[in-house]
Amino acid sequence: MRKLFINGGNPLHGEVEISGAKNSALPILAATLLLDGKLSLTNIPLLNDVIIMMRVLRSLGLRVEYCEPDTMNVWINSKIRHVAPYELVIKMRASFFIIGPMVARIGLARVPLPGGCAIGFRPVNYYLKGLETLGAKVEMEHGFVKAYAAKLKGAPIYLDFPSVGATESLMMAATLAEGETVIENAAQEPEIVDLQNFLNKCGAKISGAGTQTIVINGVNSLKAADYRIIPDRIEAGTMMTAAAITKGDLTIKNFIPDHLSAVIVKLQEAGVEVECGKDCARVFAKERLKALNIKTLPYPGFPTDMQPQFTSLLSIAKGTSVITESIFENRFMHVQELKRMGADIQIEGHSIIIEGVPKLSAAPVRASDLRAGAALVLAALCAEGETLINDMERYIDRGYEKIVQKLSKIGADVKEIK
Ligand code: EPU
């Protein structure tokens, strides 16, 4: 069990490089099931979730190798197995993305139901309804979803909610379906645009990703092509918040500021200075920050994956802030831990009310999920004393590549014990 010790109070200074996007790497790796041939994906972050997806693909018969510093080589042949292993899928919900490409490619998939997790129930009904609309039969069998179709048929799909994973999985399925599929009320996240760009490079005919309507014209086959994953906007947003919470002065390099518009506007509203370049931003704060209100929404709204980090930031801002979580029903597990560090926060249904306190103080804490872990790291960076964060590998290592090295380089007093 890896433990992280952070001695708070150092303002972060200097430059930090952002890694590739976990939430792009995962669907793009799943999409390799649709292809023929060999490809290299670059800017892949070496994170626990990415390793799980690599194992899932290997279990289905693909050869997948990781090469330092950031490349994943994948060899795909036509002998793809149809059963995804229970032990892997229950570890990471994103493994369920494979159901769409598997049915499209081999006509049959048996994938375990992923179940809920620390942030909510997270059902998969939109995936299944969408696959049925494309002509697949879907059955439940001993905890596994069995989906099959000799050939999927393009159709109009309306998503009741713009689910990121369902949009991605159905988009992948439709690339090899017969005819045209139109996904309405699709998720618009930058990772969906990245998936479209990758699949189009492999010969798919997809347009509209990044808007509410995605049009996919099915093709007979797709050929593997090399691709570079976009930078991780949530890692970049977390580093921006780290600069703000420590009253530091950081230059965050290698990310796309346009992907973080809502976060940047909210940082500025709180009194943080943000100077954006084309692929970088300087972020600094001198005064005590101001309270503000936030509601998480699907992209381009404020990302739920930045909500816990902003909870930490606003817990030391001047005044009362309200954060409303509208994506996940249970994403306030970090609140209890922040209270142990002296934060004054009340939970009221889907909202939290934060009364800013002048400072936080160190305490032993435990994360419930990846972004809760990030929130605790941020709180620890500004707290008085040494905070101990337990179970890093189960949480922080899932989404932040080389976090200890990166934070040390910009002046944090942080060490890990294995
Ligand atoms: N939902 C359903 N039915 C479905 C699918 C989703 O009810 O069939 C609900 C979920 O329960 C949730 C909401 O819709 O309440 C949004 O879920 P969505 O499907 O959009 O999320 P996801 O695809 O499972 C991705 C990211 C998450 C991120 C969300 C929202 C990946 C691998 N994961 O999850 O990232 O929070 O979109 O933006 O892309 C993280 O990185 O920490 C993380 C949790």
Side-chain angles (χ1 to χ4, degrees), residues 19-31 45 47-50 52-53 56 89 91-100 111 113-133 138 145 147 157-173 183 185-195 229-230 232-238 259-260 262-263 296-309 325-331 333-334 350 367-375 394-401:
S19 301
K22 164 181 83 80
N23 290 349
S24 246
L26 294 173
I28 286 178
L29 280 166
L47 299 167
N48 289 353
D49 280 12
V50 172
I52 293 175
M53 186 58 92
V56 170
V89 177
K91 272 197 188 142
M92 180 184 71
R93 286 187 51 86
S95 327
F96 200 77
F97 293 173
I98 60 173
I99 195 161
V111 184
L113 264 182
C117 69
I119 59 178
F121 298 117
R122 303 179 80 180
V124 290
N125 52 326
Y126 306 147
Y127 295 68
L128 305 187
K129 199 171 150 201
L131 283 173
E132 283 175 335
T133 308
V138 176
V145 177
I157 295 175
Y158 173 79
L159 293 176
D160 290 332
F161 182 86
S163 152
V164 173
T167 302
E168 291 168 341
S169 193
L170 295 171
M171 205 169 128
M172 294 186 230
I183 307 178
N185 200 27
Q188 302 176 57
E189 271 69 1
E191 293 75 22
I192 307 227
V193 180
D194 210 29
L195 179 63
I229 307 284
I230 55 167
D232 196 308
R233 63 192 165 99
I234 305 299
E235 187 198 359
T238 304
H259 291 173
L260 272 176
V263 171
T296 66
L297 287 168
Y299 191 86
F302 189 91
T304 173
D305 291 344
M306 284 298 302
Q307 178 265 108
Q309 298 89 315
E325 172 60 57
S326 77
I327 308 292
F328 292 110
E329 63 272 23
N330 196 22
R331 211 174 199 180
M333 304 280 275
H334 49 290
H350 291 295
S368 51
D369 77 281
L370 159 60
R371 307 303 171 189
R394 288 184 58 204
Y395 304 110
I396 301 159
D397 290 350
R398 296 186 67 171
Y400 294 91
E401 194 183 39

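Counting starts at 1 for both ligands and their atoms, following the listed order.
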Just to confirm my output: which protein heavy-atom neighbour is closest to [atom], and how far is it?
atom                    : value
atom 10 (C) of ligand 1 : Arg122 CA, 4.1 Å
atom 7 (O) of ligand 1  : Pro123 CG, 3.3 Å
atom 23 (O) of ligand 1 : Gly165 N, 2.7 Å
atom 29 (C) of ligand 1 : Phe328 CZ, 3.9 Å
atom 8 (O) of ligand 1  : Tyr126 N, 2.8 Å
atom 14 (O) of ligand 1 : Phe161 CD2, 3.7 Å
atom 32 (C) of ligand 1 : Asn23 OD1, 3.2 Å
atom 30 (C) of ligand 1 : Thr304 CG2, 3.8 Å

Atoms in ligand 1 flagged as close to [X], the criterion being non-hydrogen separation under 4.0 Å:
X      : result
Arg331 : 36 (O), 42 (O), 44 (C)
Ala94  : 32 (C)
Val124 : 4 (C), 8 (O)
Leu370 : 42 (O)
Lys22  : 40 (C), 41 (O)

Is any side-chain heavy atom of [X] less than 4.5 Å from a side-chain heavy atom of [Y]?
X      : Y      : answer
Thr167 : Pro162 : no
Asp369 : Phe328 : no
Leu26  : Met92  : yes
Thr304 : Arg371 : no
Pro298 : Gln188 : no

>> So, using side-chain hydrogen bond (donor to acceptor under 3.5 Å, both in side chains) as the criterion, who are the partners of Asp305 when residues are at least two apart?
In response: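 Testing Asp305 for side-chain hydrogen bond (donor to acceptor under 3.5 Å, both in side chains), a comparison that skips the adjacent residues, returns Arg331.
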Looking at ligand 1, does any of its N/O atoms fall within less than 3.5 Å of an N/O of [X]?
X      : value
Asp305 : yes
Phe97  : no
Leu26  : no
Glu168 : no
Glu329 : no

>> Ring-plane angle category for Tyr299 and His259, please: parallel below 30°, perpendicular beyond 60°, tilted otherwise.
In response: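 Taking His259 first and then Tyr299, their aromatic rings stand perpendicular (interplane angle over 60°).
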At under 4.0 Å between heavy atoms, which part of [X] makes contact with ligand 1: side chain, backbone, both or neither?
X      : answer
Tyr299 : neither
Met306 : neither
Ser163 : both

>> Among Asn330, Asn125, Leu128, Ile327, which one puts a heavy atom closest to atom 15 (O) of ligand 1?
In response: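 Ranked by closest heavy atom to atom 15 (O) of ligand 1, first place is Ile327.
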>> Minimum distance, heavy atoms only, to atom 37 (O) of ligand 1: which one of Asp160, Leu297, Val164, Asp232 is it?
In response: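 It is Val164 that holds the nearest heavy atom.
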>> Using heavy atoms and a 4.0 Å limit, tell me yes or no: is Gly399 in contact with ligand 1?
In response: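 Gly399: no contact with ligand 1 (<4.0 Å).
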> Between Leu131 and Gly100, which heavy-atom pair has the shortest distance, and what is it?
Replying inline: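 Looks like CD2-CA, 4.2 Å.
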> His334 and Gln307: side-chain donor and acceptor closer than 3.5 Å?
Replying inline: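 Yes - a donor-acceptor pair under 3.5 Å links their side chains.
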> Which residues satisfy the side chain to side chain contact (heavy atoms under 4.5 Å, CB included) test with Ala21, sequence neighbours excluded?
Replying inline: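 Here the qualifying residues are Ser24, Ile229, Ile230, Asp232.
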> Hey, are Glu191 and Arg233 close enough for a salt bridge, meaning a charged N less than 4.0 Å from a carboxylate O?
Replying inline: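 The answer is yes: the pair qualifies as a salt bridge.
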> Got a salt bridge between Asp49 and Lys91, using NZ or NE/NH1/NH2 to carboxylate O under 4.0 Å?
Replying inline: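 Answer for the salt bridge query: no.
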> Can any side-chain N or O of Asn185 pair as donor or acceptor with the backbone N or O of Leu159 at less than 3.5 Å?
Replying inline: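 It does hold such a pair.
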